[in-house]
Amino acid sequence: VLFILKTVSCVPSAYGCGLPTFPPVLTRVVGGEDVRPHSWPWQISLQYNSAGEWRHTCGGTLISDQWVLTAAHCISSSRQYRVALGKHNLVEPEEGAVFMGTSNIIVHEDWNSFLIRNDIALIKLEAPLDFSDTIVASCLPEAGYILPHDEPCYVTGWGRLYTGGPIADILQQALLPVVDHETCSKFDWWGSQVKETMVCAGGDGVVSGCNGDSGGPLNCRNADGVWEVHGIVSFGSGLSCNFPKKPTVFTRVSSYIDWISSVSFHSFMHSFLYKVMKAMKIC
């Protein structure tokens, strides 16, 4: 598993995973704020084709030169998708931005949309990327790692600026301290709806993820100062984006490291065998 995981999480270039060229400006501002341009270079915009126009639908995280992590609930089999990378302002043309089609989308086989379980999907880009100052992969956490209560992590995305408000043009960041499972599973918080394969963050009634942030990362910095993607925005309160004691709930990435490794390995082997067979003119 260790060898397989390396093929997913390590960046084969001078750009190390989880180390942005332009480090984010971290503040404790109440509410979201515009990010420093390209300071979260693994953040992607998942876009779908609507009558020839590409529209943002979800966020996601670049985890290697050809794989993006997002939420299962962001994916519909009836839509055509592309991935926008190296973006800061979604409505402006920007130097260094890349728009990439998809070659495969794998939704977790046990995804349950009714119970919101296993809300995770992997997108394989149509070709490997070249990393740059504006496009870098995030690191993955250690399998099974549990974030401590009150850990200062950041949610990023182009979601609604407030409940019922407009989608953000400029990428936003917000500090969301982690809420441990013991607290988040209390009856007046999320109760039994939140499982140990999830991470809760926020819940102060002021700051939260919102519509359009789905699929995007919960960014947490490890002891070495490297950023890891610990969560995938999954769900929040239907009453409002920032309802008290209803923190944003994320799919816990550390619960799915083996699944991520397995999917990427099988995809690699399929591609490798196809190339071998094609070279031998078997297919």
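Atoms considered below: every heavy atom in the structure, side chains included; atoms not considered: hydrogens, waters and symmetry mates.
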By the definition side chain to side chain contact (heavy atoms under 4.5 Å, CB included), identify the one residue from Thr102, Thr57, Ile105 that meets it with Leu46.
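Among Thr102, Thr57, Ile105, the one meeting side chain to side chain contact (heavy atoms under 4.5 Å, CB included) with Leu46 is Thr57.
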Of all the heavy-atom pairs spanning [X] and [Y], show the shortest one and how long it is.
X      : Y      : result
Pro217 : Thr61  : CB-OG1, 3.1 Å
Asp150 : Pro177 : OD1-CB, 3.7 Å
Ser234 : Ile116 : OG-CG2, 3.5 Å
Pro23  : Arg36  : O-NH1, 3.0 Å
Ser138 : Val229 : OG-N, 3.3 Å
Pro141 : Val253 : CD-CG1, 3.9 Å

Please report the interatomic distance [atom1]([X]) to [atom2]([Y]), rounded to the nearest 0.5 Å.
X      : Y      : atom1 : atom2 : answer
Met198 : Trp190 : CE    : CH2   : 10.0 Å
Asn89  : Asp169 : CG    : CG    : 5.5 Å
Thr156 : Gln172 : OG1   : CD    : 10.5 Å
Ile260 : Ile106 : CD1   : CD1   : 11.5 Å
Lys87  : Ile170 : NZ    : CD1   : 11.0 Å
Trp189 : Cys184 : CH2   : SG    : 7.0 Å

Is the side chain of [X] donor-acceptor paired with the backbone N or O of [Y] at a distance under 3.5 Å, no angle test?
X      : Y      : value
Asp213 : Gly159 : yes
Gln173 : Val25  : yes
Ser132 : Ile135 : yes
Ser254 : Tyr145 : yes
Thr134 : Pro41  : no
Ser185 : His181 : yes
Asn219 : Tyr154 : yes
Glu126 : Ser103 : no
His108 : Ile120 : no

Report yes if the side chains of Val233 and Val155 come closer than 4.5 Å at any heavy-atom pair, otherwise no.
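The answer is yes; the side chains approach within 4.5 Å.
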Is Leu140 close to Ile257 at the side-chain level, that is, under 4.5 Å between some pair of heavy atoms?
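With C-beta onward as the side chain, the pair touches.
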Mind running side chain to side chain contact (heavy atoms under 4.5 Å, CB included) on Met100 and Leu85 for me, showing each step along the way?
CA-CA 8 Å; Met100 186 80 74; Leu85 306 109; 4.2 Å; yes
Polar contact flag, side-chain donor to acceptor under 3.5 angstrom, [X]-[Y]:
X      : Y      : value
Arg252 : Ser255 : yes
Ser261 : Asp258 : no
Asn118 : Tyr256 : yes
Gln47  : Arg82  : yes
Gln66  : Ser64  : no

Report the relative orientation of the aromatic rings in His38 and His88; use parallel for angles under 30°, tilted for 30 to 60°, perpendicular for over 60°.
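Tilted.
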On the 0 to 90° scale, with breaks at 30° and 60°, tag the His56-Trp158 ring pair as parallel, tilted or perpendicular.
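Because their plane-to-plane angle is over 60°, the rings of His56 and Trp158 count as perpendicular.
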Are more than 12 heavy atoms from other residues, nucleotides or ligands located less than 6.0 Å from atom [atom1] of [X]?
X      : atom1 : result
Glu109 : CD    : yes
Asp188 : CG    : yes
Glu142 : CD    : no

Same hydrophobic cluster for [X] and [Y], using side-chain heavy-atom links shorter than 4.5 Å among ILVMFWY?
X      : Y      : answer
Ile146 : Val194 : no
Phe22  : Leu19  : no
Val179 : Leu175 : no
Trp111 : Tyr81  : yes
Trp54  : Leu90  : no

Can you list the steps and then say if Cys153 with Leu218 is a side chain to side chain contact (heavy atoms under 4.5 Å, CB included)?
CA-CA 6 Å; Cys153 298; Leu218 181 67; 3.7 Å; yes
Start with the C-alpha gap between Val68 and Leu122, add the side-chain angles, then the distance that decides, and say whether side chain to side chain contact (heavy atoms under 4.5 Å, CB included) holds.
CA-CA 6 Å; Val68 166; Leu122 278 168; over 6 Å; no
Sequence neighbours excluded - disulfide (SG to SG under 2.5 Å) pairs with any residue from residues 68-128:
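Every disulfide (SG to SG under 2.5 Å) pair that includes a residue of residues 68-128, provided the two are not neighbours, is Cys58-Cys74.
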Given the side-chain rings of His73 and Phe235, with only the six-membered ring counted for Trp, is the space between their centroids under 6.0 Å?
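No, they do not, as the ring centres are separated by 6.0 Å or more.
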Tell me every residue that passes ring pair (Phe, Tyr, Trp, His ring centres under 6.0 Å) with Tyr48, counting only those two or more places apart in sequence or in another chain.
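Partners of Tyr48 under the ring pair (Phe, Tyr, Trp, His ring centres under 6.0 Å) test: none.
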Passes side chain to side chain contact (heavy atoms under 4.5 Å, CB included), Asp119 versus Ile232? Steps please.
CA-CA 8 Å; Asp119 191 7; Ile232 302 166; over 6 Å; no
